[in-house]
Every structure is written in C-alpha cells, then in structure tokens.
Amino acid sequence: MQNQLALLIPGLPILGGAALFVAEWLFSGRSPRRAFLSLVPTVMAFILGLWFLVRIVSKGPVDFGLPISLSGLSGHPFWELDRLSVIMSLLITGVSTVVQTYSLRYLLGEPNYGRFFALIGIETGVLLLLVTSQNLLLLFLFWQLMSLGLSLLMSHNRFRTPSVMASHKTFVIHRLGDGFFLVALLLGEHLFHTLDIGRMAQILRDTPELVPQGALVAMTLCLFVGCMAKSAQFPLHVWLPDTMETPTPVSALMHAGIVNVGGYLMNRTSLLFSHSPLTMHVVFLVGFATALFGSSTMLTQSDVKRKLGFSTMGQMGYMTMECGLGAFSLAVFHLIAHGIFKATLFLESGMGIHIARLEPELPKRTATEPRTPEAFRLSRVLPVAFVTLVLPLVILLGAHQLAGIHLSREEGTVVFLFFSWVTVSQVAISLTRARLFDSFAAAVPWTAFLVAFVFVYIKAAHLFNIFLYPDPDTRALFFASGGVGWVLFTPIVLLITILIIAGWGVALLRGLRGELVLPAWLLSRQEALYLFFLNRGTLEFFVLHRLIDPVDRLVCRLRVLFPGRGTAR
Amino acid sequence: MIFSLPIPVYFLLFLPLLFPASRALSAKRGGSSFWALSPVFLFFVLLLLLLIFHSSCALCQSLPREGLLLSLALAATFLAFFPSLPLEERRSPAPFIMPAVLSLGTGVFLQGSQSGVLAGGSLLALSLLVSSLFLGGAYPGAYQKFFPVRLGGAVLALGVLSFPAMRQSLTELLLFLAAAILLLLPAPFPRRTETVLSPGFLRADQALFVCLPPLLIFHILRAIPPGAISPPPLLPALGILLALTGLLYAKISLFVEEMAEGLTVAGTGFLLAGFLTFRPEGRDGALFMALLLPLSTALSGLSLSFLAQRFRNRTFQGLAGQGTGVEPLRLAYLFGAFQGMSLPVVGGFLGEWILLRAVSDSSLVLSILAVAGIFLVFVLVLGRTVELFSGEPVQRLSEPDMHLASEILPSEGWSLWLASTFLLAIDLLGTFGLGGGR
C-alpha cells in the first residue's frame, strides 16, 4: 500500500536541517531559537511515526518513493515502512529529540551552534532513510552518508585536534567495513541479479537450491564485516573509545542510535543470514568475543565516558550474539532498551562531569575496615546457594513455562537462559548483600517482585518476537540456522553450567574469605590481564607498530628513491 | 569527419575562438573576467541547450549525446581555470592556446563516428603537444626537455593508429591501447622542472596535463564499439595496475600538486579498468568518471593552489592546518575531494558502482582489488584533508594577516563557483540520466 505521507518521516528532519543551514548562511548573528528549525520537525516525525505504527499494525506495510530513478537501481518500492522500520524510526526520532532538547542548553554559547543542530537534523533524516530502504544499494548509499554525517558531527570543533583525529579514525574504520559491504553487494548482484531485499528473500524462500551456499556465505560474511565496523565489534571496535573526545550529545546520539545500525542491517537481511548457518556461527563467536572484551575492558577504565563507551561495546556484542543465535527480534528489543538507557547515561554523565568541574575538591575517601575471614560451613552456604543460584534458575524456568516458550525446541533460548541465569543470580546476590532475604517476611515480596519482573521481561520479549516476525516458520528457521545440533550443544551446555557454578563458587569464597580464591598461576597473571584490558587489548599498539609502521618505512624509502620535484618553497 | 557537421555547429565551435578578442576588449575597459569570458559562457550555455533538447531537436540529434557531455566537461574544466589566472599572467600568450584547444577538441568530440573520434584524439593530443611547447616558450625552462618528445611520440603513435585499416586484430587493438596509455603517462606524471612557480603557469599546466587526460583517454577508447571484441578477462587488470601506481605516487608525494596528479592517474586507472571490460556498463561508468574526474580535480586542485599561494608553501608539511580558517576553500576542496573518495551525494559513488559492476562481471577478484583501491584512495584523501583543513595550523599568522588570508578574491570565488556548479551539474546528469537511459 502506497502512502506518500510516510515520506515526511525522513523528509521533515532533512528539510529542517537544510532550512537551518540556509538560515545560518543568510542571517548573521547567533540566535538559539533557530535550533527549533531542526528540533520541531524531528518531534513531528516522531509523532507521525507513532501514527504510522498504529496504521501498519492494523493495515500492513506502507511504501513510498520519490519521482526519480537512479542508474543501477532496480525493484520497487525503494522505501517501505514495515514493523521493523517503524520501530527503528521511532527509536531514531525519539533519541534525536532527546539529544537535541538536551543540546539546546548544553551547547549554548558554543561556536557553530546552529550548524550542529542542522547536522543532527540531516543525520536523523539520513538514518530514517536508511532504515526504510528496501534495496541494498540504496541502504548502502545512506549507510555511507551516515558515516559522513557522523564524521562531520564528531569534528564539530575542527580546531580541536583530538576530536578531528577521532573523527578521522572512525571514518576510516567505517569505510573499511563499507568496502566489505560493497563486495557483498557485488556478490549479491551475481547471486540474485537484484539488490531488492524483498526479491532476494523471495528467491531464498522459493528456490534456495539455485543460490550456491559458498557464495551466500561469502556475501553474508562481507555484510557482517560491514556491520562489525559500524557496531564496534572486535577487532573493528578501535574507533569507539576515541569518540569520547566529541561533544556529549554526539556521544549520546552515537551510542544510543548510530551503533545500532549493524544490528538493524542483520535484522533487515535476516533471511540471507538464516540461510547461511556458518555465518551465523561466526556472528555468534564475534559477538561473544566483543561482549567479553568490551565488558572486561569497561571494568578497568577510570574515565566515566570511556567506561560507558566500552559498556556500549559489550552491549553491542550481546546484540550480535543474539543475532548469531537466531534471535533477531531480541537483538532489536535489546538495542531499543540499550539506546534508551545509554542515551540517559551519556547525557547524565555530561552533567556529572560539568558539576565535577565546578567542584574544587575531590570527594573524601572513607576508610574501609579490614574483614575477618569466615569459616566454610555448609549450614551457612546452602541457604545462600539456594537463594542466589537455584532460586533464579527456578524463577526463569517457571517464567519461560508461563510465557509459553519451550526450551527443548530452540538451542538459542537455552543460551539466553544461561545469560538470564547469571543476571538474575547477580540481582539475587545484590539483594542478599542488602540483607533483603534475611527474614521470611522480607524475602516473599522480593521474590514475588523478581518473579513478576522476569516474567514480564520474558513475555514482552516473546511478544515482540511475534510482533516483528509474525510468521512462525520464519522464526523457526532463524533459530534452526543459529543452532549447532544437540550432539555438539549438550557438552556446551554442560561446560557453561560448570563455568557458572564455578564462577559462583569463586564469588562465594571471596565473600567468605574477603580475598580472591583462585589458583596461584591464575592469580600471578591478574596484573598482566588488568594491564591488557586497561590498554584496550594492546590491539592499537599491534596495528600501529606491526601493520602501519612497515608501510610508513616503505613509503619513506620510496620517497628517498623518488625524491619528488625540487625542494619545498 | 569534422566536415560533415551541420553548419550551425561550426558557429558554435567558433565561439571560444572569440575569447582572445573579448579579452583584449575587456582589458581596455578595465579587465572584467565576466566580459572577457562571455564567448566561452555562451558556448557553454549553447552546449547545455543542445544537451537538454537532445531528444526533441533535429540539430541536437545529429550530435551524439556522449560527445556533448564530454564537450561540456571539457568546457567546464577550462572555464573553471580562466578567472583565477592573475591579471599579469593574462598578458602572457599561454592562455590564448586554451580556447584553441577547446574549440578544436570540442569539434572532433562532437563527431561520433570511429574515424572522427580517432582523428579527434590525435588532434587533441597534438594540441597538448602544441600547448606544452607554447607554455614552455612562455615560461622558459618550465618543462623537462624530454616531455615534448614523449608527447610527440604519443601523437605519432595515435596518428598512425587512427587509420581504420590498422584496427582489425587484437594485437593492433592492444597497440592502440598502449598508445592511449602512452598519451596519458607523460601528462600527469613528472614533467615540470620546478624552476617556474608562477601561479598562472601552474594552473594552466594543471588544466592541460592533469584535468584533460581522463577525458582524452575516454575519448580515444570510445572509438572501439561496445561488444566489437571479446577481450581477455584480465585486461581490466591493466587499469587496476595503473590505478595502484597512481595511488602509490600520490602516497609518496610531498607536494600538493603531485598528490592531485597521482590521484588523477588512479582515477583514470579505474576508468580504464571499467572500459576495458568492453561491456555497456563499463563504458557508462567510464564515461561518468571521465566527466567527473577533470572537474573534481579542477575544484580540489584550485582550492589547494589558492591555499598554497596564500601561505607561500606547496608542501603538506608546510600547509598543515592552514586551511582550517579559510572556510570557502575548505568547502570547495571537500566537495571536490568527496568525488575522489567515492562518497554519495556527489556522483562519484554511483560512477564507481557502475564501473565495479562491469569489472565484477569480468572478474570478481579484480573487482575486489578495485574495491581495495577505492578504500586506499579514501584513506589517502581523507588523511590529507584532515592534515590541511583541520586542527591547529603549523604556523600561526597574525590577526590581520589571517584576516587577509581567509578572504576570497573575486576571481578565486568565480573559479570555485564555476567548478562547483559544473561538477554538480555533471553529478546530477550522471546520477539521474546517464545509466538510466541505456
């Protein structure tokens, strides 16, 4: 169904941004009110998005287009608002609205105030065109434009060398991913003779035997490298920590919105991914490595924004893992939740830093009293084990049963069960430390609260899955392609269970003894491991000294051999 | 041949030749760039009209659309350089040669038959040779002695190969291609002695020997009809090799002009790679790139040249950060550079995409190499852009000097506007019309 009104969703922020550019160029003097030229259209786009959400749920997807044709583009419609794109549009316009509203005061008095809002408006529009594109070539076009816009936003103050260098690094890494995306497009052209996503999905559904598996795997792997660069996946994450040099609103926009496009692309092309199981396993492994690395590095950072940056990396890792397991909708659910809470944290951190700068003295440290180690008694340990290890598992299994999710059918769900187990267990440990499980009267409401919370979360994720991918066969295909088979999966499950229990045991012993109880060989590596993560895995050192230095030396030698024409004048 | 053109077209071709007269007249009245350039402007407007009404007018249909586009790009490239020539330089005979090249080249460009195209290529190469001699005469010692000899060799090779009887076999075709590349190589690669650093000379040199070669190469290659031969699958590798050579040259360059020259060679390499697939898409993409490259080189080259002139330095090291405060030059450079970086909005991305599709049809490995080349071009251009137009300047000027340096002279403004407008026009024509109609 065509509805040209949908064109206003990306069109309004772009027009607003462009109008602001023109206003800045034509009229001298700085007026903060001009920023509303970008903010108001973004809010209108958000409201329009809400209206379309209702309409799409009741009447199906809406397509729209421009009265132009581009060479090299085939298939119609070029743009479509479906459930996925409308959800993403709401997230983008929502985060952009919050960021712009915050920036109204935060950036007041800064040079190029109007230009900043104009750029944000246009970047919002570009992101909206990206998430509504139904053709991979068109999507790639806006994918690149998004990097360009981000680079311009990051180097907002072009006189500030660290910001400019961070922007440069980001753009180069993004373009590296773009190169792989471009190869994926070329492979796609060879395989499907079209880049229309709907048509590609139809070919895979109707005649999957016509598509060679090896070429499809190559194509999806290339697409995934494109996603890795944008979503800061290991080892293409090196741009993310440096982006903290940019203004806080840009960090918020980037961490809450822009890094999510990798997850979005995997969702948009989920049918391609689900037909190449090998890629799905690679996606899972990369996501796992990213989550582990990002979360571990986060723990070693002292700068609040850098900590948040690595936390984003960890979350993006989880999101990618979800895609690798076939839970594409859960990845979207995750990225929405992450987008909202990360934008809040970043904007709050900006204020926090501002207040800290005004505070002339550091806060005083309170001395901690040395603890006396407790003896290991079974009567002391068993209740703790029940509350913090067994109870969370029971709650989770019950919640899954209540929500109608059958764990025996999908391997991915079992993996999520483990993550949920660790998370709920951590919550239970925190509640125990706060002495909220000490009496029966206190324990009952807290357990009830935990049960209700876990059930609502699992049920919401399940309903969102059905909302985004209503076809049960498609959902089953996703999970099947992310699985490794029960023969291989059973030992993995056992191994993870042992690891979780062992981890819990170490935490418990630490609680009892007041110190870390680990084998000596592992403890001796603790400092080295800390330094490794503190220095971001020394990956940049490796890239700079092992890869770039030899090239630089070669260039210098060539300069000596071909000394150019004359001397500098 | 050229004698078969309709009579009104001769009047059109005659227009740029009026430039010396209009220049002399305007110099007497006070030297306004606009009036001096009016015949060339008129020429450009008429070309544009011919292009717009191509499908509806009999006269327009007698001229090939591709030829009109090439002429337009040629005219636009020269127009962009004209206003920026300093007044005292206009007294030298060097600029006089340009309208002659323009009209002569355009005349044969408009002729669509194979023999006409080949003759046009040879004539344009000849005009390059004459231009180099002319500029060498106006600025003694400006060119290396061997340069005109190399150009002469290329002209001779092309002239001999222009005879239709010579292009029957693959060997002769390869000979012809070798000659075409021979024409390119002497042009952007080292040719100057660096004893003359006059801005007028440098710009005329850039227009002739950096901006023109991509157009020329395409013009010569289009004599081969699409599908006429089945080339060996690795023939586009020649283009990729040339692109990587240009890229390496740009990477090791210390001077701003050297980098522009290297990047033009790289761009021409990609163009060749597309064309050498001998597929309609490759031809489309090559045409698009042939139209865009001269203009993007003109725009970014002019910006760099104005920057170098302001700060009396031509090295990247000496100009680091100096462009940060000169906003118009920065914007103009970025617009030209985006083209080279194959970024969307400007047409570079779609041009590269069409080319890549043709190359990937021929060999997937080559297309991956081409993508790697595009990435390396991006890294190089972005690095240099950041170095020159961002961050703290390497040497701070006093406030009044910086104020003077950040102001744009009217002639500079004219040049930048013209180059940007034409580049945008070619972008739009290429993006929305070039490939769609085929």
Side-chain angles (χ1 to χ4, degrees), chain A residues 68-73 126 137-138 140-148 151-152 155 157-165 167-169 171-172 175-183 185-187 189-190 215 218 222 551-552 554-569, chain B residues 190 192-195 197 248-249 251-255 257-258 281 284 288 312-315 317-318 321 324-325 330 338 341-345 349-350 352-354 356-357 359-361 364 367-368 371-372 374-375 378-379 382-383 385-386 389-392 430-438:
Chain A
I68 52 163
S69 65
L70 289 174
S71 51
L73 274 180
V126 166
L137 181 63
L138 207 58
F140 181 57
L141 205 134
F142 293 110
W143 184 266
Q144 296 177 86
L145 268 182
M146 187 197 71
S147 302
L148 176 64
S151 171
L152 291 174
S155 55
N157 182 359
R158 60 176 180 278
F159 288 95
R160 196 166 173 270
T161 308
S163 301
V164 172
M165 294 323 290
S167 150
H168 178 211
K169 193 176 182 180
F171 209 177
V172 168
R175 284 298 279 176
L176 180 65
D178 291 354
F180 282 90
F181 197 149
L182 196 53
V183 175
L185 293 188
L186 292 171
L187 284 166
E189 272 273 328
H190 277 271
C222 286
V551 178
D552 274 350
L554 181 71
V555 168
C556 287
R557 277 184 195 168
L558 285 171
R559 274 184 188 145
V560 173
L561 283 174
F562 306 101
R565 305 186 304 247
T567 50
R569 285 155 217 249
Chain B
R192 301 194 300 263
T193 57
E194 298 300 315
T195 50
L197 292 170
L248 189 65
Y249 182 77
K251 175 68 189 165
I252 64 169
S253 62
L254 296 170
F255 296 93
E257 299 100 346
E258 277 182 355
E281 277 198 326
D284 270 350
F288 198 3
R312 301 277 186 273
N313 200 309
R314 293 164 50 227
T315 60
Q317 203 181 359
T324 318
R330 184 173 171 269
F338 281 173
M341 291 195 258
S342 307
L343 283 170
V345 176
F349 166 68
L350 273 177
E352 298 275 15
W353 167 245
I354 300 169
L356 279 172
R357 273 170 71 180
V359 176
S360 73
D361 280 345
L364 202 60
S367 67
I368 292 171
V371 171
I374 290 171
F375 173 68
F378 169 81
V379 172
L382 183 72
T385 308
V386 167
F389 292 97
S390 304
E392 290 289 326
T431 306
F432 297 116
L434 196 68
R438 283 162 198 275

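These values consider heavy atoms only, across backbone and side chains, with no hydrogens, waters or symmetry-generated copies. Residue numbers begin at 1 in each chain, while the letters A, B, ... track the order of the sequences.
Of the inter-residue distances, the one linking A:Ser147 atom OG with B:Leu343 atom CG reads 8.5 Å to the nearest 0.5 angstrom. We find the CG-CD1 distance between A:Leu187 and B:Ile368 to be 6.5 Å, quoted to the nearest 0.5 Å.
Interface residue B:Leu356: backbone and side-chain heavy atoms are both found under 4.5 Å from chain A. Only the backbone of B:Ser253 comes within less than 4.5 Å of a heavy atom of chain A; no side-chain atom from C-beta onward does. In this structure, no portion of B:Thr385 lies under 4.5 Å from any heavy atom of chain A. Contact of B:Phe389 with chain A is made through the backbone alone, with heavy-atom distances under 4.5 Å. Proximity to chain B is absent for every atom of A:Phe180, based on heavy atoms less than 4.5 angstrom apart. Within the 4.5 angstrom heavy-atom criterion, atoms from both the backbone and the side chain of A:Leu176 approach chain B. Heavy atoms closer than 4.5 Å to chain B are found in both the backbone and the side chain of A:Leu145.
Not counting sequence neighbours, the partners of A:Met165 by the side chain to side chain contact (heavy atoms under 4.5 Å, CB included) test are A:Thr161, A:His168, B:Val386.
With hydrogens and angles ignored, the 3.5 Å screen pairs no side-chain donor or acceptor of A:Arg158 with any backbone N or O of B:Ser390.
Shown here is B:Lys251, whose NZ atom has no more than 12 heavy atoms of other residues, nucleotides or ligands within 6.0 Å.
For the pair A:Arg175/B:Met341, no side-chain contact is recorded, criterion being any heavy-atom separation below 4.5 Å from C-beta on. Looking only at side-chain heavy atoms (C-beta outward), A:Leu182 and B:Phe375 stay at 4.5 Å or farther from each other.
What you find for B:Phe378 and A:Val172 is that their closest heavy atoms are CE2-CA, 4.0 Å. Nearest heavy atom pair, residue A:His190 against residue B:Asp361, reads CE1-OD1, 3.7 Å. Between A:Leu186 and B:Ser360, the closest heavy-atom pair is CD2-OG, 3.8 Å.
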Next item on the list: Give the C-alpha distance, both sets of side-chain angles, the deciding distance and a yes or no for side-chain contact (heavy atoms from CB on, under 4.5 Å) between A:Leu141 and B:Trp353.
Entry: CA-CA 11 Å; A:Leu141 205 134; B:Trp353 167 245; over 6 Å; no

